[in-house]
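Sequence lines set the chain letters: A, B, ... in the order given, protein chains first and strands last, and positions in each chain run from 1. In what follows, every heavy atom counts, from backbone to side chain, and hydrogens, waters and symmetry copies are set aside.
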Amino acid sequence: MVIFIINMKIGYPCLNRTLNCTTGSTFRLKNYSEAELIKKISSNLICLEKTLEFNLENGLFFFRISSDLIPFGSHPVMKFNWQEYFKAELTSIGRFIKKNQMRISMHPDQFTLINAVNKKIVRNSVRELEYHCQILDSLDLDKSAKMQIHIGGVYGDKKASKERFIKNYSRLSLNIKNRLVIENDDKSYSLEDCIEIHDKTGIPVLFDFFHHECLNNGDVPKKALETAGKTWRKKDGIPMVDYSSQKKDSRKGSHAESLDKKHFVKFLTQSSDFDLDLMLEIKDKEKSALKALKLAKEKRRA
DNA sequence: AGTTGTCAAGCTAGT
DNA sequence: ACTAGCTTGACAACT
């Protein structure tokens with residue numbers, strides 16, 4: 001009897017719907033106080049710990065940590081040294097992740113635009129990236145823990161916007177560069193655009209299977225996976241891939257509520273030649289991740 | 001107790 | 001002109 005090992009780590013973003021807690025409990029700016037902040041961070045970290053324990057018990061070894069873990073993490077109102085205050089908790093969570101060889105990513109949100117025309121938006125974006133780095137650093141994770149962003153806006157001139165990305169990227173700190181990867185999006189920047197930027201910067205490209213279905217330059221998935229995979233160096237870890245499928249009767253690009261088994265099995269077939277860690281961006285989160293894990297196991301055994 | 005409108009931040013495409 | 005959608009809820013402020 002041959003034992004098949006599932007190399008692929010499977011995960012889901014930010015939120016577990018089975019557990020009755022959230023890792024991104026936030027509060028309003030007008031109610032900001034240090035006492036409230038400490039309370040929220042504390043409950044977020046407790047929930048993160050619970051979520052990771054759930055993941056371990058269920059064989060899910062990939063997780064995206066919510067950008068809301070530290071409320072107002074990059075906002076000027078935040079002067080509190082949370083890294084020091086929660087050092088014990090952060091260290092302990094980081095140790096748990098490393099001990100169990102879990103893969104971690106983060107996804108700075110849609111406001112993070114390093115190719116923005118407006119310099120203030122770029123500055124805020126850099127702060128946001130620094131904040132995300134601080135989380136991953138405070139957990140003492142190596143450089144295979146990534147933060148993924150899209151190229152950004154087009155601003156009516158894609159060529160100039162790509163050049164602005166490259167220029168602004170070159171000014172980022174090494175710490176950010178070590179963790180930053182770019183992801184093809186569903187309407188503006190295709191895999192080919194990302195590869196062009198990779199060629200000029202060396203930045204790894206995280207392949208989004210569903211976005212590629214929405215927007216591509218003709219590469220079949222297999223070729224696309226191969227192309228994106230090659231942009232990851234050894235220290236970046238195994239290439240991360242995002243997976244989702246179209247929500248029926250909804251606008252193009254919206255994510256499905258639950259795993260489309262047939263579509264996913266097709267993905268498994270097309271990706272079977274490659275080493276990758278898989279993030280399932282499906283609305284019912286861990287439920288679909290568990291279904292996917294089961295299907296992946298069956299597939300490997302077949 | 002349950003419901004609703006709003007939240008730090010931007011962009012794009014569809015309506 | 002407006003807004004859903006993005007990784008999308010959570011929570012404060014109302015009934």
Exercise for the section: May I have the distance from A:Q110 (atom CD) to B:dA13 (atom P), rounded to whole angstrom? Expected result: 16 Å
Practice task
Answer with base, sugar-phosphate or nothing: what part of the nucleic acid does A:G73 contact at a heavy-atom distance below 4.0 Å?
Solution key: base
Practice task
Before giving the answer on side chain to side chain contact (heavy atoms under 4.5 Å, CB included), spell out for A:H132 and A:R179 the whole-Å C-alpha distance, their side-chain angles and the decisive distance to 0.1 Å.
Solution key: CA-CA 9 Å; A:H132 282 77; A:R179 294 199 186 279; over 6 Å; no
Fill in the blank from the handout: Paired to B:dT12 by Watson-Crick or G-U wobble criteria (both distances under 3.5 Å) is C:dA4
Exercise for the section: Give A:D68 one of three labels, base, sugar-phosphate or nothing, depending on what nucleic acid heavy atoms sit under 4.0 Å from its own. Expected result: nothing
Exercise for the section: Report yes if at least one side-chain N or O of A:T22 is closer than 4.0 Å to OP1 or OP2 of C:dA10; otherwise report no. Expected result: yes
Practice task
Would you mind checking if A:D242 and A:R64 are paired as a salt bridge, meaning a charged N to carboxylate O distance below 4.0 Å?
Solution key: yes
Exercise for the section: Compare side-chain N and O positions of A:H150 against OP1 and OP2 of B:dG10 and report whether any pair is under 4.0 Å apart. Expected result: no
Handout entry: OP1 or OP2 of C:dA13 under 4.0 Å from side-chain N/O of A:K30
Key = yes
Fill in the blank from the handout: From OH of A:Y155 across to P of B:dA13 the rounded distance in Å is 13 Å
Practice task
Determine the contact category for A:N124: base if any of its heavy atoms lies under 4.0 Å from a base atom, sugar-phosphate if only primed atoms, P, OP1 or OP2 are that close, otherwise nothing.
Solution key: nothing
Problem - OP1 or OP2 of C:dC11 under 4.0 Å from side-chain N/O of A:K40 - result: yes
Practice task
Flag yes if A:I195 and A:I149 sit in one hydrophobic cluster, no otherwise; membership is Ile, Leu, Val, Met, Phe, Trp, Tyr, and two members link when side-chain heavy atoms are under 4.5 Å apart.
Solution key: yes
Handout entry: Side chain A:N115, main chain A:R164, donor-acceptor under 3.5 Å
Key = no
Problem - Phosphate-side-chain proximity, A:S74 and B:dA9, N/O vs OP1/OP2 below 4.0 Å - result: no
